[in-house]
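Note that this is a predicted model, so its numbers are computed, not measured.
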There are 2 protein chains.
Amino acid sequence: MEKGKITLNDIARIAGVTIGTVDRAMHNRSGISEKTRQKILDIAKEYDYKPDIIGRSLSMKRKRLKIGVLLRREPTFFWDHAARGIRVAAKEMEAFGINPQIEYFHMTSGFTDEEYIAMYRSTLIQMNEDHKNAFILVPVNHPFLVEDVNFLNKKGIPVVTLNDDREDSQRIFHIGPDTYQSGRVAAQLTGGLLSGQGRVLLYTANYSSSGYFLRKKGFMDKMHESYPDIHITERNQKTVLEAFYGGDVDIRSFDCICNIDGATVSEGVALLKQKGDVDFIKYIGFEINSDVKEHLADGSIHAVISQDAFSQGYFALRMLCEYLVYAKQPKYDRMFVRCDIILKENMIINDRIVNPYFMGD
Amino acid sequence: MEKGKITLNDIARIAGVTIGTVDRAMHNRSGISEKTRQKILDIAKEYDYKPDIIGRSLSMKRKRLKIGVLLRREPTFFWDHAARGIRVAAKEMEAFGINPQIEYFHMTSGFTDEEYIAMYRSTLIQMNEDHKNAFILVPVNHPFLVEDVNFLNKKGIPVVTLNDDREDSQRIFHIGPDTYQSGRVAAQLTGGLLSGQGRVLLYTANYSSSGYFLRKKGFMDKMHESYPDIHITERNQKTVLEAFYGGDVDIRSFDCICNIDGATVSEGVALLKQKGDVDFIKYIGFEINSDVKEHLADGSIHAVISQDAFSQGYFALRMLCEYLVYAKQPKYDRMFVRCDIILKENMIINDRIVNPYFMGD
DNA sequence: CTGAAAGCGCTTACAG
DNA sequence: CTGAAAGCGCTTACAG
């Protein structure tokens, strides 16, 4: 008997029982004597039994895995990529009958916080009525979120948090950007580009997100450690217009703009172009979309750091499925996607580049 | 009948035939009347039949897919990663019973070209005697390679080329680095770092490889286009010692060393450290290993560009399996892996970063 | 030219 | 506590 190639049927034959009994032993099901269970487990161990995933999958066909996914809506380029990552992973796992149902919720304008929470919660309840096997959620910042996650968990419905985390909840794991580290990467790029000298304008429209706060902190920490001679001016006005041209700002006195806030990058560059200042200042941003690609191509953006939403979605679904199908526990309960540095010359412009980004097409 | 969820059994029932006949129709097998075949195909189309990959796989278990893989040996860190990518992909596809047999051949020293070719070829023949279903090969530069690839292809054994390509052969597709583009990326990094001014030492131990030649060309092209004021000195001595300190070289007259030749990067940096020159010059290299990681961490290397061997192996096996199992033709017959820019702050130092590099562990 | 059946490796409802 | 059997969706060797 070749090691590792043994099947449940083989074990049954060796143990002198039937396959049903073997199954009971392997899955710690009830209705089996301790003695037979031990005998069977010993045999399994001796012959290094590994369950055949595809036999199991075929048999599992009867109950397809329904996974509820609740994402944000804006910025759309970002969340579209996340949804795409989820669909690609689902397609890869289609052998296991994964069936993700993706819903979105808006966080932009026109509603009070309470109204958002209510909308979010009602969507969640509605999705759950369809008897989901698991959820992938982008959490909102409200105590109920923890309650609901814990409730689902108690009912045996695991929850994964995407992009934002609630460590105080019983989500089984989290996948998101390493925002602090991405700030450090931006600082190293900036410092290298300025040879450790000069003036930097650091801009964010939105510090309310803890992600942006952490990114700024990463940027500042790395600057203080490695480039103490660079002078940093923070601006966090609501619009790039105010930030770059409001008050008594002389934009040309800066050597570099670092735009912490991924959502306003292309807007910021467009403004510099319009004012005729774009050639006098280096621009470093976050995240990539088609506008940003154009700015990279024509040289008006030097670099962006991407912690791509696609990978977040892809790995969230994939690791969740491995958890559901193989009972494989992720190594950590908090994981991050890579910080990719994207310049004109290494941005991906065609699909001859093999890459998870394109595997689903 | 839900669209797309129809099975062969359903079709058989609808057509009033048995599943064996449906199978004959779907696979263009002989022994079926044109009329029944048409009827069955029409039904399949109408109900949007998609074969269930996992049913097929289970049934295919009887003939596991044996794939022969022939890689180089040196530099080991590189080919170990390629082999690892292949194993990870095989594990991911284990549902389909993929069984890669990986062999290596040396290209270093002590043999004539003819002897190498003979060794390579005998290994290939030996592997093929085990009735492989497909091959992944790192080609050697000899006409016989084309002959053998074409011979295998004619016998219905597809061949994929890895890292190097032979476009004149009938390999079904190629995956490798985009060496020309990686040279351009290095040039953009260098140019940015020097703000378009200064002197660069461009070093390669080995121009005989067409990969290094193309990389150099990419570097030069981008420099001429974007940073015409940077002065470039080429050195291609056999050792870094000769290149950096041989003749009348004053290494400190350079602002930056760009080391085209991925295999000598850590050696070069170690030499600069030993001579006390490392703080006076920026270093840009290619490929990453544990030594290079240390140099990145302590700041003696500014950046490396990685076209990781892992991905080459991973995608080669994966796309080959998709070809064998689903008959899925890759979009292009020549594909490249990404050029990743790696600085101290974004190099991956722990496995909390979700990444194909770590998916197999 | 077509049918009937076994088999891939597992899970699960049912019978005893 | 254990067994016997059906079934997941496909492929294939054999019978007619």
task: In plain terms, say whether B:R72 and B:D164 are close enough for a salt bridge, that is, a side-chain N and a carboxylate O under 4.0 Å apart.
output: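 Salt bridge present between B:R72 and B:D164.
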
Can you tell me the distance, in whole Å, between the [atom1] atom of [X] and the [atom2] atom of [N]?
X: A:I11; N: C:dG9; atom1: CD1; atom2: P; result: 12 Å
X: A:N9; N: D:dG3; atom1: CG; atom2: C1'; result: 13 Å
X: B:R37; N: C:dT2; atom1: CZ; atom2: C1'; result: 13 Å
X: A:K39; N: D:dC1; atom1: NZ; atom2: C1'; result: 14 Å

So, A:T76 versus A:D80: side-chain donor-acceptor pair below 3.5 Å or not?
no

Checking A:D308 against A:R338 for the salt bridge (charged side-chain N to carboxylate O under 4.0 Å, His left out) test, could you report, in this order, the C-alpha distance in whole Å, the side-chain angles of both residues, the deciding distance, and whether it holds? CA-CA 8 Å; A:D308 72 281; A:R338 308 183 352 174; over 6 Å; no

**Prompt:** If you find the nucleotide of DNA chain D closest to B:I19 and the one closest to A:G16, which residue's nucleotide is nearer the 5' end?
**Reply:**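 Whichever sits nearer the 5' end wins; that is A:G16.
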
Comparing nearest nucleotides in DNA chain D, the 5'-proximal residue of the pair B:P51, B:R24 is B:P51

- B:T18 side-chain N/O to C:dT2 phosphate OP1/OP2 under 4.0 Å: no

Check: Is A:F144 atom CZ crowded by more than 12 heavy atoms from other residues, nucleotides or ligands, each under 6.0 Å away?
Finding: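 Count over threshold, so yes.
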
When you get a sec, tell me which of [options] is the closest nucleotide to the side chain of [X]?
X: B:T36; options: C:dG3, C:dT11, C:dC1; value: C:dC1
X: A:I32; options: D:dA13, D:dT2, D:dG9; value: D:dT2
X: A:V17; options: D:dC10, C:dT2, D:dG3; value: D:dG3
X: A:T21; options: D:dC10, C:dC10, D:dG3; value: D:dG3
X: B:S33; options: D:dT2, C:dC10, C:dT2; value: C:dT2

Using the closest heavy atom to pick a nucleotide of DNA chain C for each, name whichever of A:G55 or A:G20 lands nearer the 5' end.
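Closer to the 5' end of DNA chain C: A:G55.
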
